[in-house]
Amino acid sequence: MIELSELLLLSAVLFVLGVVGFIIRRNILIMFMSVELMLNSAGLVLVAFSNKLGTMDPQVFAVFVIALAAAEAAVGLAIIVALFRGRESVNIDEMRLLKW
Amino acid sequence: MPVQVLFYLFACVSVIAAFLTITRKNPVISAVWLVVCLFCVAGIYLLLGAYFVAAVQVIVYAGAVLMLFLFVIMMLNLRTGIVGQMRNLGIKLLGVLIALLVFVQLRLAFKGVSLLTGPELSADFGQAASLGKLLFSEYVYPLEVIAVLLLVAVVGALVLTGKESA
């Protein structure tokens, strides 16, 4: 049997790795992957509690989180492509103006 | 106990893969390590009996979303000079500090959770059929909202990358 505390520790570690990646990287693509890591760790918490409570409702929300991540990835990557067309760069430090 | 051993294996590999995802310079290699991490989390879902969610994780997340990432990375055709440098040391230290704070906060939040032992799971726990029944009865309105959200995302992506906005 997998302990609940171990699952929560694992998801906290994955979430924190996502936070670190989001802060220390300049490449907008890798910042985006860090967001995916954080969403993934949230899904892990949902499924862990689904198992420990014996109810399937959290799994429904885990599926919703995955669908949300897919929608977010489509729009986010479209924004990255549009930004890259204008700037020829994926460095977040060069994007400091709302309008240019 | 094999379940425990498998869990530790998946947990270690997923943490290492997540670490490599955020430290590699080349975004293609980062994306591949992210796929490894997502596969390991799908393995943990299987160990927890969430079979359908594990399948969705592999098909949608590791399959579709990460392929989208790889396609965009290849389409952008990044030159070696502009492939992501790290921020300077001060920002790195600040990032690790903020992350530690978040970690402590998460641990404190989880501390209040009593140690659930886990009840006996029903025979159809985590199966596609029982999840589908739940999705189309109790959660049918959220499901419709998610469907509209996906449509909006598709239209938004088309508008953003369409010829006029270029």
Side-chain angles (χ1 to χ4, degrees), chain A residues 1-10 12-21 23-27 29-30 32-34 36-37 40 43-44 47-48 50-54 56-57 59-60 62-64 66-75 77-82 84-85 89-91, chain B residues 3 7 11 15 18-19 21-22 27 30-31 34 38 41 45 47-50 53 56-57 60-61 64-65 68 72-73 76 78 82 84-87 91-92 95-96 98-99 102-103 106-107 110 115-116 118-119 121 126 130-131 134-135 139 142 146 149-150 153-154 156-157 160-161 165-166:
Chain A
M1 204 68 206
I2 303 167
E3 295 288 333
L4 181 62
S5 55
E6 290 170 352
L7 285 163
L8 293 179
L9 179 65
L10 173 64
V13 168
L14 287 179
F15 188 89
V16 163
L17 281 171
V19 173
V20 173
I23 295 172
I24 69 170
R25 295 308 300 253
R26 277 193 215 152
N27 188 329
L29 283 161
I30 294 178
F32 210 63
M33 288 181 207
S34 305
E36 301 288 333
L37 265 180
N40 198 35
L44 186 58
V47 174
S50 163
N51 181 279
K52 295 301 170 195
L53 296 172
M56 292 212 22
D57 298 56
Q59 289 188 23
V60 174
V63 172
F64 285 163
I66 291 172
L68 202 90
E72 172 238 355
V75 176
L77 289 171
I79 291 173
I80 291 172
V81 169
F84 188 80
R85 276 187 189 157
S89 166
V90 287
N91 189 336
Chain B
V3 173
F7 170 69
V15 169
F19 181 75
T21 302
I22 62 170
S30 280
L34 187 56
L38 295 175
V41 174
Y45 287 173
L47 295 181
L48 289 171
V53 183
V56 169
Q57 169 100 353
V60 176
Y61 235 136
V65 174
L68 198 62
V72 168
I73 292 167
L76 294 183
L78 301 172
I82 57 173
Q85 312 87 333
M86 301 271 181
R87 289 177 191 270
I91 304 257
K92 263 189 211 172
V96 173
I98 292 173
V102 172
F103 185 73
L106 281 175
R107 295 309 294 164
F110 288 150
L115 282 175
L116 300 161
L121 302 176
S130 49
L131 197 69
L134 210 55
L135 266 176
Y139 293 100
I146 288 282
L149 179 79
L150 283 171
V154 170
L160 279 168
T161 53
S165 66

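Residue numbers start from 1 in every chain, and the chains themselves are labelled A, B, ... in the order their sequence lines are given, proteins ahead of strands.
- Annotation: side chain of A:Met33 is not in contact with side chain of A:Arg25 (no heavy-atom distance under 4.5 Å).
- Both the backbone and the side chain of B:Leu131 have a heavy atom closer than 4.5 Å to some heavy atom of chain A.
- Residue-environment remark: OH (B:Tyr139) exceeds the threshold of 12 foreign heavy atoms within 6.0 Å.
- Note: A:Ile2 leads A:Leu37, A:Val19, A:Ile2, A:Val20 in heavy-atom pairs under 4.5 Å with chain B.
- In this structure, chain A has heavy atoms under 4.5 Å from both the backbone and the side chain of B:Val15.
- Residues B:Phe103 and A:Ala12 share a closest heavy-atom pair of CE1-CB, 3.8 Å.
- Interface remark: of the candidates B:Ala64, B:Ser130, B:Ala99, B:Ala99 forms the most heavy-atom pairs closer than 4.5 Å to chain A.
- Both the backbone and the side chain of A:Glu36 have a heavy atom closer than 4.5 Å to some heavy atom of chain B.
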Problem set entry | A:Leu77 vs A:Leu29, side-chain contact (heavy atoms from CB on, under 4.5 Å): CA-CA, chis, key distance, verdict | CA-CA 8 Å; A:Leu77 289 171; A:Leu29 283 161; 4.0 Å; yes
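- When heavy atoms are compared at a cutoff of 4.5 Å, A:Phe15 approaches chain B solely by way of its side chain, counted from C-beta outward.
- Using a 4.5 Å cut-off between heavy atoms, B:Leu68 touches chain A through backbone and side chain atoms alike.
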Problem set entry | Worked check of side-chain contact (heavy atoms from CB on, under 4.5 Å) between A:Asn40 and B:Gln57 | CA-CA 9 Å; A:Asn40 198 35; B:Gln57 169 100 353; 3.0 Å; yes
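- In terms of heavy-atom pairs under 4.5 angstrom with chain A, the leader among B:Leu134, B:Val102, B:Val154, B:Leu149 is B:Leu134.
- Between chain A and the options B:Thr21, B:Val72, B:Leu150, the largest number of non-hydrogen pairs under 4.5 Å is found for B:Val72.
- Residue contact with chain B, scored on non-hydrogen atoms closer than 4.5 Å, involves the side chain of A:Leu10 exclusively.
- Checked against side-chain contact (heavy atoms from CB on, under 4.5 Å), A:Val47 has the following partners two or more places apart in sequence or in another chain: A:Ala62, B:Tyr45, B:Leu48, B:Ala50, B:Val53.
- Each of A:Ser34, A:Gly43, A:Ala67, A:Gly18 has some count of heavy-atom pairs under 4.5 Å with chain B, and the biggest count is that of A:Gly43.
- Here the side chains of B:Phe7 and A:Leu7 are in contact, with some heavy-atom distance below 4.5 Å.
- Most heavy-atom pairs under 4.5 Å with chain B: of the set A:Leu44, A:Val63, A:Val75, this distinction falls to A:Leu44.
- Each of B:Gly156, B:Ser30, B:Gly49 has some count of heavy-atom pairs under 4.5 Å with chain A, and the biggest count is that of B:Ser30.
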Exercise. Where do A:Ile80 and B:Leu76 land on the side-chain contact (heavy atoms from CB on, under 4.5 Å) test, with the steps shown first?
Worked result: CA-CA 9 Å; A:Ile80 291 172; B:Leu76 294 183; 4.1 Å; yes
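- Here the closest heavy-atom approach between residue A:Ile23 and residue B:Gly95 is recorded as CG2-CA, 3.5 Å.
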